[in-house]
Amino acid sequence: MSPQPSNAVATAFLGLDNFNDYYDPALKRARQALLERTGVFIVEGDINDIALLKKLFEVVAFTHVMHLAAQAGVRYAMENPSSYVHSNLAGLVSLLEVCKSADPQPSIVWASSSSVYGLNTRVPFSEKDRTDQPASLYAAT
Ligand SMILES: NC(=O)c1ccc[n+]([C@@H]2O[C@H](COP(=O)([O-])OP(=O)(O)OC[C@H]3O[C@@H](n4cnc5c(N)ncnc54)[C@H](O)[C@@H]3O)[C@@H](O)[C@H]2O)c1
């Protein structure tokens with residue numbers, strides 16, 4: 001084992017996914033294996049599980065959070081609307097609350113979707129366009 005300089009900072013990359021069956025979880029497991037080969041360890045869990053999130057923040061002093069855990073899909077909202085509320089609304093709030101109390105407080109980036117531009121007819125879309133005319137529950141959440 002080589003000696004570490006005194007100012008060495010351990011870098012940890014950790015992912016969280018609940019491996020739901022919106023599409024074949026085998027694909028998610030295959031991605032997990034690829035990520036773990038590059039040093040990104042994946043924990044199975046839900047972003048609504050505040051106790052788990054707090055525990056992870058206790059173990060790792062995360063400096064950044066890239067939030068991509070979401071219920072995607074326009075048509076699936078007809079079948080399972082509560083999954084959008086669970087992951088995209090409640091889950092986001094849970095994650096933000098835990099990040100707000102973490103020390104250090106991490107920088108957060110999260111994904112949106114062009115669906116937010118809903119009934120806009122002007123193309124190409126611009127981030128300055130209206131987002132208050134969603135055409136689906138996915139867009140709204
Ligand atoms: N794929 C695209 O073309 C595209 C385009 C625009 C925006 N986006 C946005 O990017 C983000 C990721 O999309 P994606 O295409 O990678 O979707 P994806 O379904 O492949 O990935 C989302 C992951 O989040 C996990 N997940 C869902 N709910 C969770 C929860 N409550 N707790 C923990 N894990 C949960 C799922 O198991 C899944 O592995 C979404 O916000 C989506 O709106 C995607």
Side-chain angles (χ1 to χ4, degrees), residues 1-2 4-141:
M1 208 163 73
S2 59
Q4 294 287 310
S6 57
N7 62 347
V9 177
T11 306
F13 295 98
L14 190 139
L16 180 70
D17 201 298
N18 67 1
F19 293 93
N20 68 53
D21 64 359
Y22 167 60
Y23 59 82
D24 188 354
L27 190 52
K28 300 177 183 184
R29 293 291 176 192
R31 290 175 184 150
Q32 175 182 18
L34 285 173
L35 284 166
E36 289 186 351
R37 251 188 266 158
T38 65
V40 183
F41 185 71
I42 308 295
V43 171
E44 181 167 355
D46 196 292
I47 50 170
N48 285 280
D49 185 344
I50 288 181
L52 172 64
L53 294 183
K54 283 187 172 161
K55 184 56 86 188
L56 295 175
F57 273 89
E58 271 169 36
V59 176
V60 183
F62 296 110
T63 55
H64 294 76
V65 170
M66 183 165 71
H67 173 42
L68 302 174
Q71 178 58 61
V74 173
R75 284 176 295 276
Y76 185 61
M78 306 292 281
E79 213 177 297
N80 188 358
S82 62
S83 65
Y84 292 77
V85 176
H86 176 82
S87 292
N88 303 354
L89 297 179
L92 173 65
V93 173
S94 301
L95 184 65
L96 292 179
E97 281 296 310
V98 173
C99 290
K100 185 184 77 180
S101 322
D103 182 17
Q105 207 174 55
S107 301
I108 307 171
V109 178
W110 80 87
S112 184
S113 162
S114 59
S115 294
V116 299
Y117 300 117
L119 302 178
N120 279 1
T121 49
R122 196 159 65 97
V123 286
F125 298 139
S126 158
E127 287 177 357
K128 295 191 176 117
D129 286 347
R130 291 180 64 165
T131 55
D132 59 352
Q133 299 173 298
S136 65
L137 183 62
Y138 171 49
T141 58

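Counting starts at 1 for both ligands and their atoms, following the listed order.
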Practice problem: Check ligand 1 against A111 and write out every atom of the ligand that is under 4.0 Å from a heavy-atom position of the residue. | Solution: 9 (C), 10 (O), 11 (C), 41 (O)
Exercise. Report the relative orientation of the aromatic rings in Y138 and Y84; use parallel for angles under 30°, tilted for 30 to 60°, perpendicular for over 60°.
Key: perpendicular
Quiz item: By number and element, which atoms of ligand 1 are closer than 4.0 Å to a non-hydrogen atom of N20?
Solution: 26 (N), 27 (C), 28 (N), 36 (C), 37 (O)
Quiz item: Of the non-hydrogen atoms in D17 and K28, which two are nearest, and what is the gap between them?
Solution: OD1-CD, 4.4 Å
Quiz item: Of all the atoms in ligand 1, which lie at a distance below 4.0 Å from a heavy atom belonging to L68?
Solution: 11 (C), 12 (C), 22 (C)
Practice problem: Could you tell me whether some N/O pair between I47 and ligand 1 is separated by less than 3.5 angstrom? | Solution: yes
Quiz prompt | Closest protein heavy atom to atom 24 (O) of ligand 1, given as residue, atom name and distance to 0.1 Å | solution = A69 CA, 3.3 Å
Quiz item: What atoms of ligand 1 come closer than 4.0 angstrom to any heavy atom of D46?
Solution: 30 (C), 31 (N), 32 (N), 33 (C)
Quiz item: With a 4.5 Å heavy-atom cut-off, do F19 and I42 have their side chains touching?
Solution: yes
Self-check item: Residue and atom name of the nearest protein heavy atom (relative to atom 38 (C) of ligand 1), distance in Å to one decimal
Solution: D17 OD2, 3.4 Å
Exercise. Flag atom 42 (C) of ligand 1 as yes if some protein heavy-atom distance to it falls below 4.0 Å, otherwise no.
Key: yes
Quiz item: Under a 4.5 Å cut-off applied to non-hydrogen side-chain atoms, are S126 and Y117 in contact?
Solution: no
Quiz item: Do the side chains of V65 and V109 get nearer than 4.5 Å, heavy atoms only?
Solution: no
Practice problem: Return yes when W110 approaches ligand 1 closer than 4.0 angstrom through a heavy atom, no otherwise. | Solution: no
Quiz item: Considering the options N88, V116, L92, which one meets the side-chain contact (heavy atoms from CB on, under 4.5 Å) requirement together with T141?
Solution: N88
Quiz item: OG/S94 to NZ/K54 distance, rounded to the nearest 0.5 angstrom?
Solution: 10.0 Å
Quiz item: Going by the atom numbers of ligand 1, which of them fall below 4.0 Å from some non-hydrogen atom of S87?
Solution: 28 (N), 29 (C), 30 (C), 31 (N)
Quiz item: Short list, please: which atoms of ligand 1 are under 4.0 Å from a heavy atom of Y138?
Solution: 42 (C), 43 (O)
Exercise. Considering only non-hydrogen protein atoms, determine which one is nearest to atom 20 (O) of ligand 1 and report residue, atom name and distance to 0.1 Å.
Key: Y23 OH, 2.5 Å
Quiz item: Can you tell me the protein heavy atom closest to atom 40 (C) of ligand 1 and the distance?
Solution: A70 CB, 3.6 Å
Quiz item: Can we say E44 and R29 salt-bridge, meaning some charged N sits less than 4.0 Å from an Asp/Glu carboxylate O?
Solution: yes
Practice problem: Enumerate the residue pairs fulfilling side-chain hydrogen bond (donor to acceptor under 3.5 Å, both in side chains) with a member in residues 103-113, sequence neighbours excluded, ordered by first and then second residue. | Solution: S113-S115
Quiz item: Mind checking whether S113 has an N or O less than 3.5 Å away from an N or O of ligand 1?
Solution: no
Exercise. Could you find the nearest protein heavy atom to atom 17 (O) of ligand 1 and give me its residue, atom name and distance?
Key: A72 CB, 4.4 Å
Practice problem: If you have a sec, work out which protein heavy atom is nearest atom 26 (N) of ligand 1 and how many Å separate them, to one decimal? | Solution: N18 OD1, 3.5 Å
Practice problem: Mind checking the CG-CD spacing from L27 to Q32? Nearest 0.5 Å is all I need. | Solution: 12.0 Å
Quiz prompt | Which residue and heavy atom of the protein sit nearest atom 7 (C) of ligand 1, plus the separation | solution = S112 O, 2.8 Å
Self-check item: Closest heavy-atom pair and its distance - A69, I47
Solution: O-CD1, 4.0 Å
Quiz item: Taking the six-membered ring for Trp, are F57 and F62 parallel (under 30°), tilted (30 to 60°) or perpendicular (over 60°)?
Solution: perpendicular
Practice problem: Give yes if a backbone or side-chain nitrogen or oxygen of Q71 is under 3.5 Å from a nitrogen or oxygen of ligand 1, and no if not. | Solution: no
Quiz item: Quick one: does S114 get a heavy atom under 4.0 Å from ligand 1?
Solution: no
Quiz item: With a cut-off of 4.0 Å, which atoms of ligand 1 are near a heavy atom of K28?
Solution: 36 (C), 37 (O), 38 (C), 39 (O)
